[in-house]
Amino acid sequence: MSVKKHLYVLWTNDNPVTAEKMVFMYTINSLLKGWWEKVTLIVWGAPAKLVSENADIQSKVKQALEAGVHITACKACADQLGVTGDLEKLGIEVIYWGVPLTEILKNDEKLLTI
């Protein structure tokens, strides 16, 4: 049996306290402390707007990227919210996530939803 070493975090909550005290605290520490070999943070929906507008959250994005967290966002959401360019400027990959998320679920990958 293979051990899954890649954690996907689906972030859909735009509460800044949750972002700081859970989303970024856990994703960053997961890599720095070796809890997971790879961490992908998926920004979906309202957090895309939060990231584009909140300097403190942007700082956390930078810290996470520097720690090795792969940060990606739903393109459909970002386009609809008018923040695609803002996210890309922060170093966030912006792609359509419907099919990849479905594959993650079908393959029983490790997915944490916040």
Side-chain angles (χ1 to χ4, degrees):
M1 184 167 106
S2 69
V3 176
K4 299 198 185 244
K5 299 175 182 179
H6 186 169
L7 175 66
Y8 295 89
V9 177
L10 178 60
W11 178 28
T12 64
N13 177 318
D14 66 347
N15 181 297
V17 175
T18 300
E20 181 182 348
K21 302 300 181 193
M22 195 298 154
V23 174
F24 290 104
M25 187 181 293
Y26 187 73
T27 57
I28 291 168
N29 283 316
S30 288
L31 291 175
L32 295 180
K33 297 179 184 285
W35 301 334
W36 294 95
E37 288 184 11
K38 186 172 181 184
V39 175
T40 298
L41 175 60
I42 306 164
V43 181
W44 195 303
K49 191 158 179 63
L50 176 68
V51 169
S52 75
E53 297 174 345
N54 187 307
D56 292 333
I57 300 301
Q58 291 171 6
S59 175
K60 292 292 182 187
V61 164
K62 183 179 179 190
Q63 289 175 19
L65 289 169
E66 288 172 354
V69 177
H70 175 225
I71 305 178
T72 180
C74 169
K75 180 164 175 43
C77 300
D79 286 350
Q80 290 170 21
L81 293 167
V83 298
T84 300
D86 296 335
L87 299 181
E88 290 174 336
K89 286 176 189 170
L90 293 169
I92 298 172
E93 171 191 58
V94 181
I95 62 171
Y96 291 107
W97 260 98
V99 172
L101 179 60
T102 301
E103 291 302 313
I104 288 167
L105 295 169
K106 285 183 176 181
N107 292 330
D108 292 322
E109 298 291 339
K110 300 297 183 185
L111 176 69
L112 178 62
T113 304
I114 302 160

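Quick note: residue numbers are just sequence positions, from 1.
- Note that the CG atom of L87 and the CD1 atom of I71 stand 10.0 Å from one another [nearest 0.5 Å].
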What side-chain donor-acceptor pairs closer than 3.5 Å can you find for residues 48-69, not counting sequence neighbours?
residue	atom	partner	partner atom	Å
K49	NZ	E53	OE2	2.9
S52	OG	K49	O	2.8
N54	OD1	D56	N	2.9
N54	OD1	I57	N	3.0
Q58	NE2	V51	O	3.0
Q58	NE2	S52	O	3.1

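- Of all the heavy atoms in C77 and G45, the pair that sits closest is SG-N, 3.5 Å.
- Other members of a hydrophobic cluster containing V99 are absent, since no ILVMFWY side chain comes under 4.5 Å of it, directly or through relayed contacts.
- Scored by the side chain to side chain contact (heavy atoms under 4.5 Å, CB included) test, D79 finds K75, T84, Y96 as partners (sequence neighbours excluded).
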Donor-acceptor contacts, no H, no angles, side chain residues 11-24, under 3.5 Å, sequence neighbours left out:
residue	atom	partner	partner atom	Å
W11	NE1	N13	O	2.7
T12	OG1	I114	O	3.2
N13	OD1	N15	N	2.6
N15	OD1	V17	N	2.7
N15	OD1	T18	N	3.0

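- Listed by chain and number, the hydrophobic cluster partners of I42 are Y8, L10, W44, I95, W97, L101, I104, L105, L111, where partners are ILVMFWY side chains within reach of under 4.5 Å, directly or through others.
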Pairs of donor and acceptor atoms involving the side chains of residues 32-40, under 3.5 Å and at least two apart or interchain, shall be tabulated with distances.
residue	atom	partner	partner atom	Å
W36	NE1	Y26	OH	3.1
T40	OG1	H6	NE2	2.7

